[in-house]
Amino acid sequence: MIFFKTCGSIAHCKRNTFIKGVLISFLLFNSQIILAKDYYVANLPQFNKAVTSVKAGDQIIMAEGRWENVKLIFKANGDKNQLIQLRAAIPSKTIICGKSSLQLSGSYLKVSDLLFTSGEPIGKNAIEFKDDGGNYASYSVLSNCAIVDFNNPDKKIRKQWVDLYGRYNTVEYCYFEGKTDLGVVLSVEIDADKGDKNFHSINHNYFAKRLPYNDNGGEIIRIARGEVQMLSSNTLVEDNYFEHCDGENEIISVKSSDNIIRGNNFYECAGGVSLRHGERNIVYGNYFLANNKEESSGVKIHFIGHKVYNNLFYKVAGNTAYTASIALIAGHLNPTLLQNEPVKDVEIANNTFVNCALPFNFGTIQADKALVVLPKQINVCNNLIYSPKSEEWSTPPQDISKLFIINNLVVLESKILFNDKIILNPVFNKSNGLFNLPYSRLIGKLPTYVEKDILQIPRKQGLIGAFEYPEKIEEVKLPNADNCGPQWYKPKTTN
């Protein structure tokens with residue numbers, strides 16, 4: 001005779017079954033962690049052997065010392081709960097040098113704590129999220145690494161330091177300094193045959209000291225190429241620190257659609273953000289702290305459907321049609337693929353401009369006679385423009401009927417205007433030790449997308465300018481040398 005032990009009740013049975021299920025899942029999960037292995041490697045053959053063996057949760061730990069003239073191919077597949085990691089045994093002590101490179105392909109990989117210096121990329125890129133077979137990496141992370149003075153002696157040969165392919169990849173807390181040869185520091189590539197919508201994240205990195213290249217090709221970040229301009233990258237560039245990035249007039253060159261540039265600090269850089277190609281890009285919550293740096297600029301706008309709001313432009317020196325704090329560029333009449341599409345349907349709201357040489361250019365036609373199509377359907381509202389040493393705040397609009405300029409407070413040398421009407425001085429000043437902030441208690445009509453201010457505080461009053469609560473300026477914590485880049489690598493002089 002066979003006896004069965006009963007649960008006593010259906011509810012009791014279900015509870016016991018649930019508890020057993022949880023225990024089994026817990027044991028299985030922890031058994032995977034226990035089975036995870038560390039592979040300590042001291043040379044390239046050991047590295048290559050480890051790559052063929054690693055599974056989800058495993059680590060390849062590179063020995064300290066100089067890894068010279070190596071081509072590292074990190075090809076593996078982890079899972080979302082257990083990445084496969086490649087890291088230095090001791091941060092900063094594993095040095096990739098000579099003619100070397102690192103390629104990632106597969107999924108759920110993480111690379112950290114490596115230093116690339118005293119050398120050059122063995123191919124086109126120092127770190128590439130793709131292998132020679134065209135296999136991409138996705139859901140992978142480059143974290144806490146540094147690339148310093150890793151250049152080809154021939155400055156005209158194009159080399160890039162980081163090249164992002166695939167989807168949902170992240171570059172975070174890395175440090176980049178001293179690129180002197182042709183090519184961008186960090187690029188995002190869209191493969192039209194494999195689909196767009198990358199959803200990459202570039203955050204909390206420290207981009208430092210790129211000297212003028214004196215030609216096109218000296219950008220810090222480029223998001224795609226003009227040939228795929230109508231594809232959506234959906235790349236997020238946020239909370240990065242750009243210090244003395246003077247390679248060319250485009251620090252960030254956006255050449256695709258639906259990207260977000262937010263919360264970054266551009267400190268004394270000879271350049272700005274260029275929305276060069278593509279549509280529906282958003283630039284908000286950034287700090288352009290130029291301090292009258294020669295050739296500094298803000299946001300240059302081409303194409304359609306962009307939003308630029310809640311930014312602080314501080315002592316931006318650019319004063320031409322192309323280098324104004326916000327420059328809307330006239331378009332070609334019948335543009336080819338790589339020419340200037342006419343600017344339209346652009347929103348510019350709740351920005352603060354402080355002692356900038358030329359806060360706005362509305363598409364003035366100057367040197368290039370082929371640029372004849374002026375911007376239209378441009379909404380400029382709720383901006384605070386503080387230029388007490390100037391008599392003008394923009395180039396004269398050549399077709400004012402196509403611009404909607406409302407609720408802007410403009411402080412000039414001889415007059416103060418609100419909605420183009422002269423008013424008494426409503427401007428106050430507040431300092432946080434970094435800069436003196438002019439602000440006003442004047443209220444505008446906020447666009448629906450301006451839900452928070454530059455400090456990410458919900459807007460309840462509807463004040464004009466970037467700051468809804470000026471008293472909070474003392475709490476500003478900008479991206480800087482202390483909170484961006486790896487903790488183990490800091491330059492000798494920082495701001």
Side-chain angles (χ1 to χ4, degrees), residues 186 188 200-203 205 207 219-224 229 232-242 245 249-267 269 271-290 296-314 316 318 322-329 341 343-354 356 359-363 375 378-385 446-456 465-467 478-479:
L186 192 160
V188 173
H200 298 314
S201 175
I202 301 167
N203 68 85
N205 301 289
F207 298 93
E219 304 99 323
I220 301 300
I221 296 175
R222 189 192 67 238
I223 304 176
Q229 59 193 247
S232 298
S233 181
N234 297 99
T235 290
L236 172 62
V237 181
E238 68 173 341
D239 297 330
N240 299 283
Y241 181 46
F242 298 85
C245 293
N249 61 14
E250 295 183 336
I251 298 171
I252 300 178
S253 181
V254 180
K255 297 186 175 182
S256 55
S257 300
D258 299 302
N259 302 286
I260 297 176
I261 313 297
R262 71 182 181 200
N264 303 284
N265 181 8
F266 300 90
Y267 181 79
C269 296
V273 174
S274 176
L275 305 182
R276 184 63 188 88
H277 295 290
E279 300 180 351
R280 302 177 303 279
N281 293 298
I282 299 175
V283 181
Y284 77 91
N286 301 284
Y287 296 81
F288 295 84
L289 303 184
S296 57
S297 60
V299 182
K300 184 164 58 176
I301 300 172
H302 304 255
F303 280 71
I304 301 167
H306 307 302
K307 291 182 174 66
V308 179
Y309 64 96
N310 279 347
N311 301 285
L312 173 63
F313 300 89
Y314 188 80
V316 174
Y322 293 94
T323 63
S325 300
I326 292 185
L328 295 99
I329 308 301
E341 190 78 19
V343 178
K344 66 179 180 179
D345 296 326
V346 171
E347 299 275 341
I348 303 170
N350 288 92
N351 301 285
T352 294
F353 303 80
V354 181
C356 296
F360 277 90
N361 163 56
F362 289 116
I378 310 299
N379 184 27
V380 181
C381 67
N382 304 330
N383 298 285
L384 171 55
I385 301 153
L446 294 179
T448 56
Y449 55 86
V450 185
E451 298 176 348
K452 298 180 180 180
D453 76 347
I454 191 172
L455 302 177
Q456 292 301 294
F467 295 85
L478 303 177

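None of these values were measured; they are calculated from a predicted model.
Summarising the geometry, atom CD1 belonging to I252 is positioned 4.5 Å from atom CD1 belonging to I221; distances are rounded to the nearest 0.5 Å. In this structure, CD1 on I454 lies 8.5 Å from CG on N351, to the nearest 0.5 angstrom. Remark: S297 OG to E250 CD distance equals 9.0 Å, nearest 0.5 Å.
Checked against ring pair (Phe, Tyr, Trp, His ring centres under 6.0 Å), Y309 has the following partners two or more places apart in sequence or in another chain: Y284, Y449. Listed by chain and residue number, nothing satisfies the side chain to side chain donor-acceptor pair (under 3.5 Å) test with T352 (two or more places apart in sequence, or in another chain). With sequence neighbours left out, D258 forms a side chain to side chain donor-acceptor pair (under 3.5 Å) with S232, R280. Shown here are the side chain to side chain donor-acceptor pair (under 3.5 Å) partners of S257, two or more places apart in sequence or in another chain: there are none. Every ring pair (Phe, Tyr, Trp, His ring centres under 6.0 Å) that H277 has, sequence neighbours left out, goes to F303. For the salt bridge (charged side-chain N to carboxylate O under 4.0 Å, His left out) test, no residue two or more places apart in sequence or in another chain qualifies with R276. Under the rule for a salt bridge (charged side-chain N to carboxylate O under 4.0 Å, His left out), E451 has no partner lying at least two apart in sequence or in another chain. Residues that satisfy the side chain to side chain contact (heavy atoms under 4.5 Å, CB included) test with S325, not counting sequence neighbours, are F313, V316, F353, C356. Residues satisfying the side chain to side chain contact (heavy atoms under 4.5 Å, CB included) criterion with I378, sequence neighbours excluded, are L328, V343, V346, I348, P375, V380, L403. In terms of the side chain to side chain donor-acceptor pair (under 3.5 Å) criterion, residue partners of N286 (sequence neighbours excluded) are, by chain and number, N264, N311. A search for ring pair (Phe, Tyr, Trp, His ring centres under 6.0 Å) contacts involving F467 returns nothing, not counting sequence neighbours.
No donor-acceptor distance shorter than 3.5 angstrom exists from the side chain of N249 to the backbone of T323, with no hydrogens or angles considered.
Annotation: side chain of Y241 is in contact with side chain of Y267 (closest heavy-atom distance under 4.5 Å). No side-chain heavy atom of N281 sits under 4.5 Å from any side-chain heavy atom of V283. Two residues are said to be in side-chain contact when any heavy atoms from C-beta on lie closer than 4.5 Å; V188 and I202 meet this criterion. Side-chain atoms of H302 and L275, non-hydrogen and from C-beta on, never get closer than 4.5 Å to each other. Looking at I261 and V299, their side chains never come closer than 4.5 Å, going by heavy atoms from C-beta outward. Within the 4.5 Å cutoff, side-chain heavy atoms of P447 are placed close to those of N350.
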Please assess R262 against E238 for the test salt bridge (charged side-chain N to carboxylate O under 4.0 Å, His left out), listing each intermediate value before the final yes or no.
CA-CA 5 Å; R262 71 182 181 200; E238 68 173 341; 2.8 Å; yes
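Side-chain contact, N205 with N240: a donor N or O sits under 3.5 Å from an acceptor N or O.
The shortest heavy-atom contact between S256 and N259 is OG-ND2, 3.0 Å. What you find for N310 and K452 is that their closest heavy atoms are ND2-O, 2.6 Å. Counting all heavy atoms, side chain and backbone alike, A349 lies closest to V450 at CB-CG2, 4.4 Å.
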